[in-house]
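As the structure is a computational prediction, the values presented were derived from the model and not from experiment.
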Amino acid sequence: MQLTFAIGKRKQSVEVPEEVLQGVLEPSELPRELTGEAAVRRALEHPIGSPRLRDLFHPEDTVAIITSDITRPMPTWKVMPALLEELYAAGLRAADITLVFALGSHRCHTPEEQEHLAGEQAYQEIRCVDADSSDWVHLGTTSRGTPVDIDRRVAQANRRICLGNIEYHYFAGYSGGAKAIMPGVSTRAAIQSNHRFMVRPEACAGRIAGNPVREDIEEAAAMVGVDFILNVVLSPQKEILHAVAGDVTDAHRAGCQFLDTLYRRQIGRPADIVMVSQGGTPKDLNLYQTQKALDNAKHAVRKGGVIILIGSCQEGMGKKPLRSG
């Protein structure tokens, strides 16, 4: 049987004899209802646990929209037109809206990357900036001891909207929701403080309740204040299958439940050999991102078995501290 894996922007096939192939883990049948930008507009028109943006915000507000960086598949350029339409309907001026790319501990973008992520309309109409971990505001400390040190432009805006895609995260349970704040626009020290809980057994994919990383993230975000989120669930081809909008917790949980119906799968017995990839660009940009696929693979392989990790790693290992470690 021929198996095909995405590597960067290309694909690579491999032949596996059918008599030794235990199975191919694929999503459940994908939904046929509203997808793409239509799904985004529907989510904005029917937010969960929140009024519509056009009713929630006011002309005198200043808004920070926090979205994912180039290492994430979040199609910000597809959701920004509908989002800006809602904000303009609330009476906001373009000059009072800033799109902040949540770098976490990742590298800065080139201007071309910023324009690609934001999309032509947003890049031309509003201010688009990378998060700056050297210019931050201290807003307190979580009950677990994590400093809430946030990009100044995000902290000083009086309204905050978090964008993101929801998928399984190997120690935060799921991506999306409050993760745009922590680690997205937090300092390296804050991120390291939060991520130290990743070694706890409760910090695992698909778990929210009792997950110390996710709970610390959401406590930090509550201290900052998140007024609204817009999150999407993507197909394996990175197309928008579903969107949720509204309250930072309620909307996020609804998105996680939808994700489970598509991507949570049962495995009969562990395999001798597991081949796994991150699905190509942008998730396999470097080794730090690519290795996250190992977390899923470890649940499918027998003790002492073999995992073949597939990815382009075109930017090498990742950040400088990782390369020098």
Side-chain angles (χ1 to χ4, degrees), residues 37 40-41 43-44 53-54 57 59-137 149-165 175-188 191 221 224-232 234 238 240 243 245 248 281-283 285 315:
E37 294 181 45
V40 173
R41 292 186 179 276
L44 289 170
L53 273 176
R54 62 181 62 193
F57 287 11
E60 64 272 16
D61 287 332
T62 57
V63 180
I65 304 170
I66 305 101
T67 194
S68 305
D69 74 345
I70 198 70
T71 68
R72 301 291 188 261
M74 170 62 190
T76 305
W77 62 93
K78 290 185 178 180
V79 308
M80 284 303 295
L83 183 61
L84 287 176
E85 184 178 305
E86 281 288 304
L87 294 176
Y88 292 155
L92 274 91
R93 302 179 306 153
D96 293 324
I97 305 170
T98 301
L99 180 64
V100 182
F101 299 107
L103 297 182
S105 57
H106 304 157
R107 66 166 176 82
C108 293
H109 295 110
T110 65
E112 292 76 18
E113 287 172 333
Q114 285 189 353
E115 183 173 10
H116 164 70
L117 290 172
E120 184 178 357
Q121 179 188 358
Y123 195 73
Q124 291 180 357
E125 292 181 3
I126 65 175
R127 183 167 62 149
C128 300
V129 298
D130 282 345
D132 184 356
S133 61
S134 68
D135 185 16
W136 47 270
V137 176
D149 299 333
I150 303 297
D151 177 283
R152 185 175 301 277
R153 292 156 301 190
V154 173
Q156 291 183 344
N158 73 319
R159 296 287 193 175
R160 280 162 288 275
I161 300 172
C162 291
L163 309 184
N165 71 293
S175 62
K179 239 177 139 284
I181 298 292
M182 173 74 75
V185 290
S186 302
T187 63
R188 180 176 294 276
I191 295 168
V224 178
V226 177
D227 297 278
F228 200 86
I229 70 166
L230 174 56
N231 282 182
V232 299
L234 303 178
K238 309 300 187 291
I240 297 173
V248 63
T281 187
K283 298 299 293 288
L285 200 59
E315 292 190 359

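- Contact record, Ser186 with Ser133: O-CB, 4.2 Å, taken as the closest heavy-atom pair.
- In this structure a side-chain-to-backbone donor-acceptor pair under 3.5 Å is present from Asn231 to Gly177.
- For the residue pair Asp96 / Thr62, no side-chain donor-acceptor distance below 3.5 Å is found, with atom types taken as modelled.
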*asked:* For Ile181 and Cys162: C-alpha separation, side-chain torsions, deciding distance, then whether side-chain contact (heavy atoms from CB on, under 4.5 Å) applies.
replied: CA-CA 8 Å; Ile181 298 292; Cys162 291; 3.8 Å; yes
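- Remark: side-chain polar atoms of Asp69 are paired, donor with acceptor, to backbone N or O of Thr71 under 3.5 angstrom.
- The structure places CZ of Arg72 at 11.5 Å from OG1 of Thr67, a figure rounded to the nearest 0.5 Å.
- One side chain, Thr98 or Arg127, offers a donor N or O that lies under 3.5 Å from an acceptor on the other.
- The two residues Gln121 and Tyr88 come nearest to each other via the heavy atoms NE2-CE1, 4.4 Å.
- Considering all non-hydrogen atoms of both residues, Gly164 and Ser68 come closest at CA-OG, 4.1 Å.
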*asked:* Quick one, Met80 with Ile126, criterion side-chain contact (heavy atoms from CB on, under 4.5 Å). Give me CA distance, side-chain angles, the key distance, then yes/no.
replied: CA-CA 11 Å; Met80 284 303 295; Ile126 65 175; 3.9 Å; yes
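- When all heavy atoms of Ala118 and Leu99 are compared, the pair lying nearest together is CB-CD2, 3.7 Å.
- Among all heavy-atom pairs drawn from Lys238 and Thr281, the shortest one is CE-O, 4.2 Å.
- At least one donor-acceptor pair under 3.5 Å links the side chain of Asp130 to the backbone N or O of His109.
- A donor-acceptor pair is defined here as one N or O able to donate and one able to accept, closer than 3.5 Å; such a pair exists between the side chain of Asp227 and the backbone of Arg160.
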*List the steps and the verdict of side-chain contact (heavy atoms from CB on, under 4.5 Å) for Ile161 and Leu87.*
CA-CA 11 Å; Ile161 300 172; Leu87 294 176; 4.0 Å; yes
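- When every heavy atom of Leu83 is checked against every heavy atom of Leu44, the shortest pair comes out as N-CD1, 3.9 Å.
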